[in-house]
Amino acid sequence: MDATLALAVQFKSLPALVDAVRGEASAINTQWGAMTERLGRRDDARALYLRALSIQENPQAHYNLAVTYWNQDWDQVILHLRRALEINPQMQDARMYLIKAQAQVGKK
């Protein structure tokens, strides 16, 4: 997918096409991260989510990153859930878990 994106940019494809390729590349890396996380490779999954976000921000990559930090780094959880909601305010799971994460910070 990286090669496809590079070619789309190199050949000065229509912006809509470049954006579509970026969106697909970001989504693929997000899904790859989710599979990697299920295999218990959290650090590798985080790297894939960050790679997805470097290609194009998407709410699912932010949400998934937040999940990887749950019970470990509440600031990261809150940061990524807030960003997911900025991109997609309709993401109900992000909204619900943001409230729970903020409550955890309040307990400190």
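For the numbers below, each heavy atom of this structure counts, side chains included, while hydrogens, waters and symmetry mates do not. What you see is a predicted model, and the numbers here were worked out from it, not measured in a lab. All residue numbers refer to positions in the sequence shown, counting from 1.
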Asks: What about Ile78 and Val67, same hydrophobic cluster or not, with Ile/Leu/Val/Met/Phe/Trp/Tyr joined at side-chain heavy-atom distances under 4.5 Å?
Replies: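 Yes; Val67 is reachable from Ile78 via cluster members.
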
Asks: So how far is it from Tyr49 OH to Gln31 CD, rounded to the nearest 0.5 Å?
Replies: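 Separation between the atoms: 8.5 Å.
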
Asks: Does Thr68 offer a backbone N or O that forms a donor-acceptor pair with the side chain of Arg46 under 3.5 Å?
Replies: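 A pair under 3.5 Å: yes.
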
Asks: Using the ring pair (Phe, Tyr, Trp, His ring centres under 6.0 Å) criterion, which residues pair with Tyr69? Sequence neighbours excluded.
Replies: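 So Tyr69 forms no ring pair (Phe, Tyr, Trp, His ring centres under 6.0 Å) with any residue.
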
Asks: Once you round to the nearest 0.5 Å, how far does CG of Asn64 lie from CG of Asn29?
Replies: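 Here the interatomic distance stands at 12.0 Å.
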
Asks: Which pair of heavy atoms, one from Ile87 and one from Pro59, lies closest together, and at what distance?
Replies: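 Result for this residue pair: CG2-CD, 3.5 Å.
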
Asks: Once salt bridge (Lys or Arg N to Asp or Glu O under 4.0 Å) is applied, what residue pairs with a partner in residues 31-41 remain, sequence neighbours excluded?
Replies: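 For residues 31-41, and leaving out neighbouring residues, the salt bridge (Lys or Arg N to Asp or Glu O under 4.0 Å) pairs sorted by first residue read Arg41-Asp44.
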
Asks: With a 4.5 Å limit on heavy-atom distance, are the side chains of Arg51 and Trp32 in contact?
Replies: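 The answer is yes; the side chains approach within 4.5 Å.
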
Asks: Could you list the residues that satisfy salt bridge (Lys or Arg N to Asp or Glu O under 4.0 Å) with Arg83, not counting sequence neighbours?
Replies: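 Checked Arg83 against salt bridge (Lys or Arg N to Asp or Glu O under 4.0 Å); matches are Glu57, Glu86.
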
Asks: To the nearest 0.5 Å, what is the distance between CD1 (Ile55) and CD1 (Ile28)?
Replies: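 So the CD1 of Ile55 and the CD1 of Ile28 are separated by 8.5 Å.
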
Asks: What I'd like to find out is whether the side chain of Leu53 reaches to under 4.5 Å of the side chain of Leu65, using heavy atoms alone.
Replies: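 Of all side-chain heavy-atom pairs linking Leu65 with Leu53, at least one is under 4.5 Å.
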
Asks: Measuring from Trp70:CH2 to His80:NE2, what's the distance to the nearest 0.5 Å?
Replies: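 Going from CH2 on Trp70 over to NE2 on His80, the span is 13.5 Å.
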
Asks: Side chain of Arg95, backbone of Leu85: donor and acceptor closer than 3.5 Å?
Replies: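 No.
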
Asks: Judged by atom type as modelled, is there a donor-acceptor pair below 3.5 Å linking the side chain of Ser26 to the main-chain atoms of Gln56?
Replies: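 Yes.
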
Asks: Check whether any side-chain N or O of Tyr97 sits under 3.5 Å from a backbone N or O of Ala66 as a donor-acceptor pair, and report yes or no.
Replies: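 Looks like no, no N/O pair under 3.5 Å.
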
Asks: Kindly give the heavy-atom pair with the smallest separation between Tyr63 and Ala84, and that separation in Å.
Replies: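 That closest heavy-atom pairing would be N-CB, 4.2 Å.
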
Asks: When rounded to the nearest 0.5 angstrom, what is the spacing between CG in Leu98 and CE in Met91?
Replies: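 The CG atom of Leu98 sits 12.0 Å away from the CE atom of Met91.
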
Asks: Roughly how far, to the nearest 0.5 Å, is CD1 of Ile99 from CG of Leu81?
Replies: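 These two atoms lie 10.5 Å from each other.
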
Asks: Side chains of Thr30 and Asn58: do they bring a donor and an acceptor to under 3.5 Å?
Replies: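 Yes, a side-chain donor-acceptor pair sits under 3.5 Å.
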
